[in-house]
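Starting off with a structure, shown below.
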Amino acid sequence: MEKATDSIWWVACFMLFAFSLRNSAEAGRIRHYKWQVDYQFWSPDCVEKVLITINGQYPGPTIRAQEGDTIVVAVENLMATEAFVIHWHGIRQIGTPWNDGTAFVSQCAIQPSETFVYKFLVDRAGTYFYHGH
């Protein structure tokens, strides 16, 4: 009788471990992005202006993710005179409040020539947006 109990115990442990692996695999991917923020001359309305762009794009790049994914964005400030943060609307920042992008409230601004790495979990499906402060 004791041997049968031991076997059941090991089978139950294996099944729990296999279930944990399956759930961790389904938990999401880690999605890495590298952004360089800089000035760029642009003529969106046929009048040349200086814009702040991300990787030379305006508007900035789209991030595509699924619920459960982890987003990692390394943001490098190439501007010579301005500091900024990226604020993520709709991302709840559970466990990562310093990534919220509210300058001098939850995060220090990214100074010229510095890089800050944002890392947070996409905890629910939806459409969100970001902008600089």
Side-chain angles (χ1 to χ4, degrees):
M1 186 63 117
E2 198 170 311
K3 294 280 185 189
T5 306
D6 286 346
S7 296
I8 291 171
W9 168 252
W10 284 111
V11 168
C13 285
F14 175 75
M15 289 176 62
L16 181 61
F17 178 72
F19 181 75
S20 297
L21 284 178
R22 186 178 64 91
N23 280 348
S24 66
E26 291 175 0
R29 296 174 45 193
I30 298 175
R31 299 178 183 268
H32 293 270
Y33 298 89
K34 182 175 180 176
W35 290 355
Q36 294 182 316
V37 178
D38 201 359
Y39 302 110
Q40 185 169 347
F41 288 101
W42 202 285
S43 304
D45 57 358
C46 298
V47 177
E48 189 171 71
K49 298 175 184 164
V50 176
L51 297 180
I52 297 174
T53 63
I54 299 174
N55 296 345
Q57 297 179 23
Y58 179 83
T62 299
I63 294 176
R64 297 197 187 279
Q66 296 179 357
E67 187 174 331
D69 287 355
T70 298
I71 303 298
V72 180
V73 183
V75 180
E76 181 181 8
N77 183 356
L78 299 179
M79 297 183 292
T81 60
E82 294 188 55
F84 69 94
V85 294
I86 303 291
H87 179 65
W88 311 90
H89 279 266
I91 301 295
R92 296 190 295 175
Q93 299 295 355
I94 297 170
T96 54
W98 53 87
N99 285 324
D100 192 40
T102 49
F104 306 109
V105 175
S106 63
Q107 168 188 354
C108 293
I110 306 168
Q111 299 298 316
S113 302
E114 288 186 352
T115 298
F116 182 82
V117 178
Y118 291 94
K119 182 177 180 180
F120 54 86
L121 177 70
V122 178
D123 67 326
R124 56 187 171 173
T127 301
Y128 305 98
F129 71 97
Y130 62 85
H131 65 90
H133 280 268

Value rounded to 0.5 Å, distance of CG in Asp69 from CD1 in Ile30: 9.5 Å
Whether His89 and His87 hold their rings parallel, tilted or perpendicular, with breakpoints at 30° and 60°: perpendicular
Any Val37 side-chain heavy atom under 4.5 Å of Ile52 side chain: yes
Residues Tyr118 and Gln93: side-chain donor-acceptor under 3.5 angstrom: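 Short answer, no.
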Minimum heavy-atom distance Val85-Ala103, with the two atoms named: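 Heavy atoms of Val85 and Ala103 come nearest at CG2-N, 3.7 Å.
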Min side-chain heavy-atom separation Tyr128-Ile63 under 4.5 Å: no
Any side-chain heavy-atom pair of Trp35 and Pro61 under 4.5 Å: yes
Near-ring test Trp98/Phe116, centroid separation under 6.0 angstrom: no
side-chain contact (heavy atoms from CB on, under 4.5 Å) assessment of Ile94 paired with Asp123: CA-CA 9 Å; Ile94 297 170; Asp123 67 326; 3.5 Å; yes
Shortest non-hydrogen contact between Arg124 and Gly90, atoms and distance: NH2-O, 3.5 Å
Partner set under side-chain contact (heavy atoms from CB on, under 4.5 Å) for Leu78, not counting sequence neighbours: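 Testing Leu78 for side-chain contact (heavy atoms from CB on, under 4.5 Å), a comparison that skips the adjacent residues, returns Gln36, Asp38, Glu76.
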CD-CE distance between Gln40 and Met79, expressed to the nearest 0.5 angstrom: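 Result: 13.0 Å between the selected atoms.
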Separation of Ile71 CD1 from Arg31 CZ (nearest 0.5 Å): 6.5 Å
Hydrophobic cluster identity match, Ile91 and Val117, side-chain contacts under 4.5 Å: no
From Val73, Thr70, Thr96, residue fulfilling side-chain contact (heavy atoms from CB on, under 4.5 Å) relative to Lys119: Thr70
Neighbour count >12 (heavy atoms, 6.0 Å) for atom CD, Gln66: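 Atom CD in Gln66 is not crowded, with 12 or fewer foreign heavy atoms closer than 6.0 Å.
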Residue pair Gly101 / Ser106: nearest heavy atoms and the distance that separates them: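 Heavy-atom minimum between the residues: N-OG, 4.0 Å.
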Distance in Å, Asp100 CG paired with Thr102 OG1, rounded so as to fall on 0.5 Å steps: 5.0 Å
Aromatic ring proximity, centroids under 6.0 angstrom, Phe120 and Trp88: yes
Listed once per pair and sorted, the ring-ring contact (aromatic ring centres under 6.0 Å, His included) pairs that draw on residues 37-67, sequence neighbours left out: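 For residues 37-67, and leaving out neighbouring residues, there are no ring-ring contact (aromatic ring centres under 6.0 Å, His included) pairs at all.
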Gap between atom OH of Tyr130 and atom CD1 of Ile54 - 0.5 Å precision: 4.0 Å
Side-chain (Asn55) to main-chain (Gln57) donor-acceptor, under 3.5 angstrom: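 Here the side-chain-to-backbone pair does not exist.
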Expected output: side-chain Asn77 to main-chain Glu82 donor-acceptor under 3.5 Å: yes
Inter-residue atom distance Gln107.CD - Ile86.CD1, 0.5 Å rounding: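 Output value for this atom pair is 9.0 Å.
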